[in-house]
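This report concerns only the one structure given below.
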Amino acid sequence: MTVQTTYRTCPRSGLQFEKQAEALMKINAVTAVVALLVGGLLAIGVVLTRWPAVHWLAADTFYMVLTAHGIDMLIFWIIFFEVAVLYFASSTLLRCRLATPKIAWAAYALMLIGAIVNNVSVFQGSSSVMMTSYVPMMAHWSFYLGLILFAVGALIACFVFFGTLVVAKREKTYQGSVPLVTFGAITAAIIAVFTISSGAIILIPTFLMSIGLINEVDPLIYRTIWWAFGHSSQQINVAAHISIWYAVAAIAFGAKPMSERVSRGAFLLYILFLQLASAHHLLADPGISTEWKVVNTSYFMYFAVLASMIHALSIPGAMEVAQRARGYNKGLFEWLRKAPWGNPTFSGVFIALVGFGFLGGITGVMMGTEQLNLLIHNTIYVPGHFHATVVIGTTLTFMALTYFLIPVLFQREMIAPGLAKIQPYLFGFSMYFFCLVMMGAGTLGVSRRHWDMAFSGHALAYEWPGAAYLMMGLVGISGIVAIAGGAIFVYVTVMSVFFGKKLDAGVVSPKFTPLMPAAPTAAAQTYGSAGFVAPGTFVLAMFFLVTFVLYYFVNWKYLGQLWGLS
């Protein structure tokens, strides 16, 4: 039995939006941007306090603000947006109805209630436990309840996504295999089920402890299982934003992956090995055996790294192949020079791709080496690394996709296109610098979370070298510039969605129509490979490899100076 619904065909992209899925994509995306706005405002307090010359907030306020900033940015902004991406990758790309719209709305309601409950708990000042919320340091019971409600809602949304794939298969809305973008979204959803289940396994007993029903939660078990949630949530992001990179390559250039099978194999490596890399957060933990650490981070993690290297070669390579097919064949890099750098969807994705690889990827592998991890464990190097992955990689990618969705999904003309054009450059490059100087300060030993790096006025006061103060000052300056870039994004998107000129919604039909071979998004909605003629991308990949090797051995040099042998 076919459920009655309607499909709107966008005249600008050729995409078909099913009515319920479209409404859910909009509400999840808008809620995500609200969470981004809240987290961005809180970021002002964080950077101006860690900037030693300003040192703005009092200690208790700082830890409250840092807790809320971490959770709003790393969990609420990203996962709300990812739910919208899941519905897009299933219902829209496969041109089918959403499986269970009422349950999808219930999932959204649970996520929204959970996010509000958690924020209220933190802002009341009784739950300044950081995002990690390690036991036995306890938050108010509503802190854990909010996270659990949100997690249950997100888990339900994943199952609605899986159900939609079944509907598409049963109703034969696509032919052959699902498109690569949808395959990547399936990867993200499978990792999400593992991640959210890990969070439930450890947060439910912690919630019961907070209301007095159980006496204790073992701290070592808590840390181990929590990181299966905390770090794997970033792996959902990796799978999701790489799927978007493939989508944007297809939309901007009509680019197909260099090899469908190889790219799909790389996504499968993520499912098998990405979560195991969570162990690099536990490398300084004495309660876990060295053998377990070595197997997880020195062997299994490299399979996940291999997957990322495949995508790093395949996505720019697909762009290069498509550009060369258009006639941009002069030299190694004409295809890149003639790319649409004025289009914020493309520029945002390319800046995210390069920053994620060079800043996030290289430092992540370095941190996964047990001896090198001891150099920078619990220093501000660690947030420097994950801002490169989560902010440059994921957040900037989601921002870039939003510029595509404003006219296509929200049917609005973008206001201030000039501002939109510069926003990815301002935000992306200031975050590049922010991450670099934060990692520089961490290499000098500056602590990860402490409100006052110098412990001034205390018996343990410590005078850092001038370079450390300089680095932290630069963290403050570049952080404020990045926040300004984020503010431009929020301004452009919110004003466009609510006040932009209304665009033609397109034809509405009671049932889906087959994909036309010449549709603007056909490359993103079909199966196929482009080939391997991409010499420019190969040169870029070799440059990346040399950079990685040099940086890796520089850190062994640091370690050798720290632990001299005699």
Minimum side-chain heavy-atom gap T31-Y108 below 4.5 Å: yes
Distance, nearest 0.5 Å, that separates CD1 of I376 from CE of M367: 4.5 Å
Side-chain donor or acceptor of T92 paired with backbone N/O of A89 under 3.5 Å: no
Check against side-chain hydrogen bond (donor to acceptor under 3.5 Å, both in side chains), S133 and Y222: CA-CA 10 Å; S133 52; Y222 179 96; 2.9 Å; yes
Backbone N/O of G114 and side chain of N118: donor-acceptor pair under 3.5 Å: no
N/O donor-acceptor pair under 3.5 Å between T49 side chain and L57 backbone: yes
Within-4.5 Å side-chain heavy-atom neighbours: M431 and L396: no
Side-chain heavy-atom pair Y246, F183 within 4.5 angstrom cut-off: no
Reported OG1-to-CD1 distance for the pair T195 and I190, which is rounded to 0.5 angstrom: 11.5 Å
Side chain to side chain contact (heavy atoms under 4.5 Å, CB included) between L283 and H377, intermediate numbers included: CA-CA 8 Å; L283 286 176; H377 174 75; over 6 Å; no
Short side-chain to backbone donor-acceptor contact, Y432 and G355, under 3.5 Å: yes
Near-ring test F150/F80, centroid separation under 6.0 angstrom: yes
Distance in Å, F62 CZ paired with W451 CH2, rounded so as to fall on 0.5 Å steps: 10.0 Å
Side-chain heavy atoms of I214 within contact of P205, under 4.5 Å: yes
Nearest-0.5 Å distance, OG1 of residue T67 to CZ of residue F123: 10.0 Å
Step-by-step ring pair (Phe, Tyr, Trp, His ring centres under 6.0 Å) determination, H311 to Y270: CA-CA 11 Å; H311 294 308; Y270 278 165; 5.5 Å; yes
Shortest non-hydrogen contact from P383 toward M438: C-SD, 3.6 Å
Reported CD1-to-CZ distance for the pair I392 and F386, which is rounded to 0.5 angstrom: 13.0 Å
Residue F162 excluded, over 12 heavy atoms near CZ under 6.0 Å: yes
CA sep, side-chain torsions, deciding dist, call: M73, L36, side chain to side chain contact (heavy atoms under 4.5 Å, CB included): CA-CA 6 Å; M73 290 303 222; L36 177 70; 3.8 Å; yes
Aromatic plane relationship, F489 with Y403 - under 30° parallel, 30 to 60° tilted, over 60° perpendicular: perpendicular
Distance-minimising heavy-atom pair for A307 and L269: CB-CB, 3.8 Å
Parallel, tilted or perpendicular: rings of W227 and H281 (30°, 60°): parallel
Ring centres under 6.0 angstrom apart (F273, F300): yes
Shortest non-hydrogen contact between A240 and A188, atoms and distance: N-CB, 4.0 Å
Neighbour count >12 (heavy atoms, 6.0 Å) for atom OH, Y491: no
Donor-acceptor contact present, side-chain Y87 to main-chain T164, <3.5 Å: no
Side-chain heavy atoms of T369 within contact of Y552, under 4.5 Å: yes
Heavy-atom side-chain proximity of M472 to I380 below 4.5 angstrom: yes
Residues I44, W56; criterion side chain to side chain contact (heavy atoms under 4.5 Å, CB included); working and verdict: CA-CA 10 Å; I44 300 170; W56 180 32; 4.3 Å; yes
Pair H140-S127, side-chain donor/acceptor within less than 3.5 Å: no
Nearest heavy atoms of L86 and F161, plus distance in Å: O-CD1, 3.2 Å
Heavy-atom donor-acceptor pair, S232 side chain to F229 backbone, under 3.5 Å: no
Flag side-chain contact, heavy atom, 4.5 Å: L282 against N296: no
CD1/I103: more than 12 non-hydrogen atoms of other groups inside 6.0 Å: no
Donor + acceptor pair across side chains of Q234, N237 (<3.5 Å): yes
Donor + acceptor pair across side chains of W226, T132 (<3.5 Å): no
Spatial distance of atom OG1 (T394) from atom CH2 (W77) [nearest 0.5 Å]: 9.5 Å
Which atom of F433 lies closest to which atom of S478, heavy atoms considered: CD2-CB, 3.7 Å
Y551 and T363: side chain donor to acceptor below 3.5 Å: no
Stepwise side chain to side chain contact (heavy atoms under 4.5 Å, CB included) test for H385 and M366: CA-CA 10 Å; H385 156 75; M366 194 278 281; over 6 Å; no
Minimum side-chain heavy-atom gap V437-L470 below 4.5 Å: no
Distance-minimising heavy-atom pair for G163 and A99: C-CB, 3.4 Å
Flag, side chain of D218 to backbone of I221, donor-acceptor distance under 3.5 Å: yes
Flag, side chain of T206 to backbone of I202, donor-acceptor distance under 3.5 Å: yes
